[in-house]
**Q** 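Encoded as structure tokens, here's the structure I'll be asking about.
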Amino acid sequence: MPASRRDFLETCAAAGLVLGFRWPGAPAMDDPTDFSPNAYLSIAPDGAVTLWATRLEMGQGVRTVLPMILAEELGADWKKVRVEQAAPGGRFRGIRLHTGGSSSVVGSWRALRQAGASAREMLVVAAAQSWGVPPGSCRAERGLVRHPATGRSVPFGRLAARAARLAVPASPRLKSREEFTLLGRPMKRVDGPAIVTGAARHGLDVKLPGMLYATIERCPTLSGRLVRFDASAALRVSGVRAVHPVTAGIHPGVAVLADDTWSALQGRAALEVEWATGAASSFDSERFLAGLPAALDRHRYPVRQEGDAPGALARSARRLTATYTFPFQAHAPLEPQNCTARVDRDRVEVWVPTQTDVRSLQQVTKVTGVPPERIVLHPMLVGGGFGRRLFADYVAEAAQLAKEVGRPVQLLWTREDDMRHGYFQPATVERFEAGLTADGRLTGLVHHSSTSDLTIYDIHDGRNIWTDPPKPARAENSYAADQSPWGAFDTPYRFPALLVDCVDVTSPVPTGPWRAVEYPSTVFGRESFLDELAHAMGMDPVALRLSLLPGQGPGSPDARLRAALEAVRERSGWHTRSEE
């Protein structure tokens, strides 16, 4: 079965606070994190405030916005804050840094606010105690605790030791939106200058003593296997040091390791490899795409039903039908997959652009046998993720090679590797039918959708999607229970009658979540069909959409969508353009 909404939208554990402190001349604490069970904020006696970003950065700005949430509630001076990227283990042991489901802010919002607010209240109480005034008469702002009645103020750093002795508030007061001074305002990215000047470190910037560079020739067909390879010509290429089979990734392959990337690529081109075909080796994507519309006539699982849409269409004066086919999509991030690994007998280090600390650690443990607590993962700045880096096949490949050669290895996927041998957004098809009355009013809509298992979940769990027995038949109500396919089940529009169902069209192609998972195909089809409906009804396309949105209270999803449509209509001069 494909991953459920709950599986995919993984969120982190509750966030909290650490106030690390050491007064000059005072004995150092063996482990400052023992002060508190929380780990997201540190204030030093010299006034330095360090905030940690607890999601992995891939261009979405989490290294700025998540610390902003902490700084807002804390009352820190943003100009004096240092932002660090959290890494698994150490102070973040037990905290998942997994970054997916577009949930970095929404999944961290309240917990990070509570962390900052707890620290603020502790600092305020510490200052109030030292002044002998009620805490309610003090406030924290711009890195200081102030007592407006007397004009006194004290920097956070000077309060760190006293605050560290206080109990962490269980339910601190969160600021109202009217009190915000950072959130909701334009803010330059903290890592922007490093990115534009080239100082930011990506995965391929890692350089280690004795490191080899690796590239892999992978099986050219689905479900194929390696029979044999001749490495003699590759080993004659200057700089090539070793050739090894690789079994840890999605497809079997043969790796060439060299002193530099160019030599590794030249050695790879010189390889002689014999592959055996498998059950899915004859798969043809063009034939598969051509057959998708017919697949909608197979058994369809119920997804959503409101009223009698088929009956409404049968009684309609006019019917419209349209079919939209959505092809396989490669993730194609700007930065291809790469990972650097160093494997010792009882310790592993990996430097990797990833969206998932969890699966990266799992895959390294699987390949090396080293437990997660002895694996150091260095999250690198990610040059695009889009769901591709929610899985760690390339991490496993690098770890396997580093273990076998006994030297650090930097593995690089070429752009061609990325487009041919990764996993893909599934190819799907959407068919819509609608009925109109004689005077052009909508009577009902039927949406036949298709969906596919995201088989990368199987692959990462060790199941061979090509040779293992088929999975058990899914329950008849399984899609409806999981509110899937996304975009088909959760349409925001209210039709006079609606029927949504779907067909499973899982293919042998390794598939996984692409940006927004199922929404690209379902929403593209739905919105395209609404345009066709508007044309047939002689109605403005924006007006049609607004007429299908129910009136709900302020702040509801439908109200926000309505406001967005109205804003776009107004600011784009839509009426003026449509009249020209």
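No experiment lies behind these values; they were computed from the predicted model shown.
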**Q** Are any non-hydrogen side-chain atoms of Val350 and Cys339 less than 4.5 angstrom apart?
**A**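 Yes, at least one pair of side-chain atoms sits under 4.5 Å.
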**Q** Not counting sequence neighbours, which residues clear ring-ring contact (aromatic ring centres under 6.0 Å, His included) with His202? List them please.
**A**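 ring-ring contact (aromatic ring centres under 6.0 Å, His included) check on His202 returns nothing, list empty.
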**Q** Under the 3.5 angstrom rule, does the side chain of Ser452 hit a backbone N or O of Pro426 as a donor-acceptor pair?
**A** no
**Q** Distance-only, no hydrogens or angles: does the Arg359 side chain make a donor-acceptor pair with backbone N or O of Leu390 under 3.5 Å?
**A** yes
**Q** Ring centroids only, cut at 6.0 angstrom: are His331 and Phe386 within range, meaning strictly under it?
**A** no
**Q** Might you point out which heavy atoms bring Glu518 and Ser484 nearest each other, and give the distance in Å?
**A**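 Closest approach of Glu518 to Ser484, heavy atoms only: OE2-OG, 3.0 Å.
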**Q** Is the number of heavy atoms from other residues, nucleotides or ligands within 6.0 Å of CZ (Arg142) greater than 12?
**A**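 No, the 6.0 Å shell around CZ holds no more than 12 heavy atoms from other groups.
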**Q** Can you find a heavy atom in the side chain of Thr491 that is under 4.5 Å from one in the side chain of Leu498?
**A**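 Thr491 reaches Leu498 side chain to side chain.
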**Q** For residues Val370 and Arg347, determine if any side-chain heavy atom of one lies less than 4.5 Å from a side-chain heavy atom of the other.
**A** no
**Q** Between Phe529 and Phe432, what is the ring plane arrangement, given parallel below 30°, perpendicular above 60°, and tilted in between?
**A** parallel
**Q** Just how far is it from atom CD1 of Ile43 to atom OG1 of Thr50, taken to the nearest 0.5 Å?
**A** 9.5 Å
**Q** Quick one: does Cys138's side chain get under 4.5 Å of Val133's, heavy atoms only?
**A** yes
**Q** State plainly whether the residues Arg494 and Glu306 are in salt-bridge range, i.e. N to O under 4.0 Å.
**A**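 Judged by the 4.0 Å cut-off on N to carboxylate O distance, Arg494 and Glu306 do not form a salt bridge.
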**Q** Considering non-hydrogen atoms only, spot the tightest contact between Ala87 and Leu377 and give its length.
**A**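 Reported closest heavy-atom pair: CB-O, 3.7 Å.
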**Q** Do Trp52 and Tyr40 make the cut of ring centroids closer than 6.0 angstrom?
**A**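 Judged by ring-centre distance (under 6.0 Å), Trp52 and Tyr40 do not meet the cut-off.
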**Q** Can you tell if the side chain of Arg389 reaches within under 4.5 Å of the side chain of Pro333, non-hydrogen atoms only?
**A** yes
**Q** More than 12 foreign heavy atoms under 6.0 Å from CZ of Arg562: is that the case here?
**A**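 Enclosed: over 12 neighbouring heavy atoms sit under 6.0 Å from CZ of Arg562.
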**Q** Donor-acceptor pair, Ser528 side chain versus Gly525 backbone, under 3.5 Å?
**A** no
**Q** Just wondering, are more than 12 heavy atoms of other shown residues or ligands nearer than 6.0 Å to CZ in Arg185?
**A**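 Enclosed.
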**Q** Does a salt bridge link Arg201 with Asp191, judged by any charged N lying under 4.0 Å from a carboxylate O?
**A** no
**Q** Please report the C-alpha distance between Ile375 and Gln362 in whole Å, then the side-chain angles of each, then the deciding distance to 0.1 Å, and finally whether the side chain to side chain contact (heavy atoms under 4.5 Å, CB included) criterion is met.
**A** CA-CA 10 Å; Ile375 300 170; Gln362 288 173 343; over 6 Å; no
**Q** Is a donor on one side and an acceptor on the other found under 3.5 Å between the side chain of Gln60 and the backbone of Met58?
**A**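 Checking the backbone N and O of Met58 against the side chain of Gln60, a donor-acceptor pair under 3.5 Å is found.
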**Q** One pair to check against side chain to side chain contact (heavy atoms under 4.5 Å, CB included): Gln425 and Thr511. What are the steps and the verdict?
**A** CA-CA 6 Å; Gln425 167 79 359; Thr511 54; over 6 Å; no
**Q** Is Arg162 positioned over the aromatic face of Trp131, cation under 6.0 angstrom from the ring centre and no more than 45 degrees off axis?
**A**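 Not flagged: Arg162 not positioned over aromatic ring of Trp131.
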**Q** For the backbone of Gly387 and the side chain of Gln355, can you confirm whether one donor and one acceptor N or O come within less than 3.5 Å of each other?
**A** yes
**Q** Could you tell me whether the side chain of Asn477 and the main chain of Ala480 form a donor-acceptor pair under 3.5 Å?
**A** no
**Q** If I compare all heavy atoms of Arg63 with all of Val83, which pair ends up nearest, and what's the gap?
**A** O-CG1, 3.1 Å
**Q** Between Met187 and Leu182, what is the shortest heavy-atom contact and its length?
**A**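 Looking at all heavy atoms of both residues, the shortest contact is CE-CD2, 3.6 Å.
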**Q** Which heavy-atom pair separates Gly487 from Val523 by the least distance, and what is that distance?
**A** CA-CG2, 4.3 Å
**Q** For the pair Asp531 and Arg545, find out whether any cationic side-chain nitrogen is under 4.0 Å from an anionic carboxylate oxygen.
**A**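 Salt bridge: yes.
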**Q** Give a yes or no answer on whether the side chain of Asp418 reaches the backbone of Pro336 with a donor-acceptor pair at less than 3.5 Å.
**A**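 No; judged by distance alone, with no hydrogens or angles, the pair does not exist.
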**Q** Taking all atoms of both residues into account, what is the closest heavy-atom pair of Leu70 and Leu112, and its distance?
**A**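 Where Leu70 meets Leu112 most closely, the heavy atoms are CD2-O, 3.4 Å.
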**Q** Counting N and O atoms only, with roles assigned by atom type, does the side chain of Thr356 sit under 3.5 Å from a partner on the main chain of His98, one being a donor and the other an acceptor?
**A** no
**Q** Mind checking the CD-CZ spacing from Glu349 to Arg374? Nearest 0.5 Å is all I need.
**A** 14.5 Å
**Q** Go through the steps for Lys366 and Asp461 under the test salt bridge (Lys or Arg N to Asp or Glu O under 4.0 Å), then give the verdict.
**A** CA-CA 10 Å; Lys366 179 180 177 180; Asp461 287 340; over 6 Å; no
**Q** So do the side chains of Gln114 and Leu174 get within less than 4.5 Å of each other, counting heavy atoms only?
**A**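 Contact flag for Gln114/Leu174 side chains = yes.
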**Q** What do the steps show when you test His147 against Ser137 for side chain to side chain donor-acceptor pair (under 3.5 Å), and what is the final call?
**A** CA-CA 6 Å; His147 187 238; Ser137 66; 3.2 Å; yes
**Q** Would you check, one step at a time, whether the test ring pair (Phe, Tyr, Trp, His ring centres under 6.0 Å) holds for Tyr479 with Phe489?
**A** CA-CA 9 Å; Tyr479 287 105; Phe489 176 91; over 10 Å; no
**Q** Using the rule given for side chain to side chain contact (heavy atoms under 4.5 Å, CB included), can you reason through Val105 versus Val65, listing the C-alpha separation, both sets of side-chain angles and the distance that settles it, and then say yes or no?
**A** CA-CA 8 Å; Val105 172; Val65 67; 3.8 Å; yes
**Q** Main chain of Asp357, side chain of Ser360: is a donor-acceptor contact present, judged purely on distance under 3.5 Å?
**A** no
**Q** Is there a side chain to side chain contact (heavy atoms under 4.5 Å, CB included) between Leu159 and Val145? Walk through the geometry before answering.
**A** CA-CA 9 Å; Leu159 296 168; Val145 175; 3.6 Å; yes
**Q** State, with a plain yes or no, whether a side-chain heavy atom of Glu430 is found less than 4.5 Å away from one of Thr428.
**A** yes
**Q** Between Glu73 and Lys175, is the closest basic N to carboxylate O distance under 4.0 Å?
**A**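 Answer for the salt bridge query: no.
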**Q** Applying ring-ring contact (aromatic ring centres under 6.0 Å, His included), can you list everything that pairs with Trp351, at least two apart in sequence or on another chain?
**A**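 Residues passing ring-ring contact (aromatic ring centres under 6.0 Å, His included) with Trp351: His378.
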**Q** Heavy-atom distance under 4.5 Å between the side chains of Val367 and Val395, does that happen here?
**A** no
**Q** Hey, is Lys79 close enough to Asp77 for a salt bridge, meaning N to O under 4.0 Å?
**A** no
**Q** Determine whether a donor-acceptor pair (N or O, by modelled atom type, separation under 3.5 Å) exists between the side chain of Ser449 and the backbone of Ala488.
**A** no
**Q** Out of curiosity, Arg158 CZ to Asp46 CG, how far, rounded to the nearest 0.5 Å?
**A**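 It is 13.5 Å, given to the nearest 0.5 Å.
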**Q** Measuring centre to centre across the rings, with the benzene-like ring taken for any Trp, is Phe326 within less than 6.0 Å of Phe524?
**A**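 No - the distance between ring centres of Phe326 and Phe524 does not fall below the 6.0 Å cut-off.
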**Q** Is Arg189 atom CZ crowded by more than 12 heavy atoms from other residues, nucleotides or ligands, each under 6.0 Å away?
**A** yes
**Q** Go through it in stages, so that I can follow the logic: the residues are Arg139 and Glu179, the test is salt bridge (Lys or Arg N to Asp or Glu O under 4.0 Å), and I'd like the CA-CA distance, side-chain angles, deciding distance and then a yes or no.
**A** CA-CA 12 Å; Arg139 66 171 182 260; Glu179 295 177 271; over 6 Å; no
**Q** Passes salt bridge (Lys or Arg N to Asp or Glu O under 4.0 Å), Glu121 versus Arg173? Steps please.
**A** CA-CA 8 Å; Glu121 290 194 359; Arg173 183 191 74 84; 5.6 Å; no
**Q** Could you check whether atom CZ of Arg415 has more than 12 heavy atoms from other residues, nucleotides or ligands sitting under 6.0 Å from it?
**A** yes
**Q** Are Glu57 and Arg55 within salt-bridge range, i.e. N to O under 4.0 Å?
**A** no
